[in-house]
Amino acid sequence: MVRIASALATLASIAAIASAQQCTGNGSCCPNGQDGVSSTYLQCNSWTGQYVSMNCAAGQVCYANPNQPGFAMCGLPGTGGSGTCTGNTAKCTAPGQSGAYQQCQNWSGQYVSASCPAGLNCYNNASGTGVYCN
Ligand SMILES: *[C@@H]1O[C@H](CO)[C@@H](O)[C@H](O)[C@H]1NC(C)=O
Ligand SMILES: *[C@@H]1O[C@H](CO)[C@@H](O)[C@H](O)[C@H]1NC(C)=O
Ligand SMILES: *[C@@H]1O[C@H](CO)[C@@H](O)[C@H](O)[C@H]1NC(C)=O
């Protein structure tokens, strides 16, 4: 009697853990489903069916990937959701105040950090889709 009760309790706690972290396939998501907050993302381990916490690259945060539902992506803070980009677009981080800008990496659809040559500031171009340094 005691042994059965104990086994049932163990099964119940395993089920609780599984339902809390259950996932299938190789999908990924952001902790608590929140965009632009966490420097980690949850990667499904398809073998165990449980999420594993993974680190974004230094300085990046987790976003749901709008181009790939069910998957997370990491990007620079403040770029997410609209953090995805297409083509050769770029935007200044602080127009006229620094040379820093974000350049779209057209194959990944994410912005990457870039910088004007030393001493030059970044300006958004007339259409707002590109930058120039001056
Ligand atoms: C993840 O799963 C999708 C759908 O099954 C598959 O197309 C993709 O190649 C997988 N990616 C990796 C890294 O295993
Ligand atoms: C990405 O940019 C490179 C270099 O400008 C270009 O050769 C390539 O065709 C572009 N790819 C896409 C998918 O736009
Ligand atoms: C702004 O920059 C983008 C990307 O280089 C370019 O495609 C676009 O034509 C530029 N717009 C203007 C008005 O110069």
Side-chain angles (χ1 to χ4, degrees):
M1 232 9 203
V2 169
R3 289 174 69 179
I4 290 170
S6 156
L8 285 176
T10 303
L11 277 178
S13 62
I14 289 171
I17 290 167
S19 67
Q21 303 190 322
Q22 197 175 354
C23 61
T24 56
N26 61 9
S28 51
C29 64
C30 298
N32 304 315
Q34 278 188 292
D35 267 1
V37 176
S38 176
S39 63
T40 63
Y41 63 97
L42 298 173
Q43 173 63 57
C44 188
N45 179 327
S46 60
W47 183 251
T48 62
Q50 294 192 358
Y51 283 115
V52 180
S53 183
M54 306 285 285
N55 291 320
C56 287
Q60 299 195 351
V61 291
C62 182
Y63 295 101
N65 188 340
N67 301 321
Q68 203 182 0
F71 290 83
M73 55 178 258
C74 296
L76 294 171
T79 63
S82 61
T84 55
C85 57
T86 54
N88 188 33
T89 53
K91 60 184 181 185
C92 299
T93 304
Q97 294 172 33
S98 81
Y101 64 97
Q102 291 160 12
Q103 173 66 54
C104 187
Q105 200 176 36
N106 66 2
W107 55 267
S108 68
Q110 295 181 39
Y111 286 108
V112 294
S113 291
S115 187
C116 290
L120 299 183
N121 284 334
C122 177
Y123 298 88
N124 292 313
N125 76 1
S127 59
T129 55
V131 303
Y132 62 94
C133 297
N134 196 4

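Order of appearance sets the numbers: ligands from 1, and atoms from 1 within every ligand. All heavy atoms count here, side chains included; hydrogens, waters and symmetry mates do not.
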Q103 (side chain) donor-acceptor with T89 (main chain) under 3.5 angstrom: yes
Donor-acceptor contact below 3.5 Å, side chain N124 vs main chain K91: no
With heavy-atom distances below 4.0 Å as the criterion, list the atoms of ligand 3 near A126. 13 (C)
Look only at interatomic distance and state if N125 has a nitrogen or oxygen under 3.5 Å from any nitrogen or oxygen of ligand 3. yes
Around atom 7 (O) of ligand 3, find the nearest protein heavy atom and jot down its residue, atom name and distance. T129 OG1, 4.5 Å
Run the numbers for me: atoms of ligand 3, each under 4.0 Å from some heavy atom of S127, listed by number. 1 (C), 8 (C), 10 (C), 11 (N), 12 (C), 13 (C)
May I have all residue pairs that pass side chain to side chain donor-acceptor pair (under 3.5 Å) and include part of residues 39-48, sequence neighbours excluded? S38-T40
For the CG atom of N65 and the OG atom of S28, what is their distance to the nearest 0.5 Å? 8.0 Å
Protein heavy atom at shortest distance from atom 5 (O) of ligand 3: N88 ND2, 4.0 Å
SG to SG below 2.5 angstrom is the rule I want applied to C44 and C23. Does it hold? yes
Does the protein come close to atom 14 (O) of ligand 3 - that is, does one of its heavy atoms sit below 4.0 Å from that atom? yes
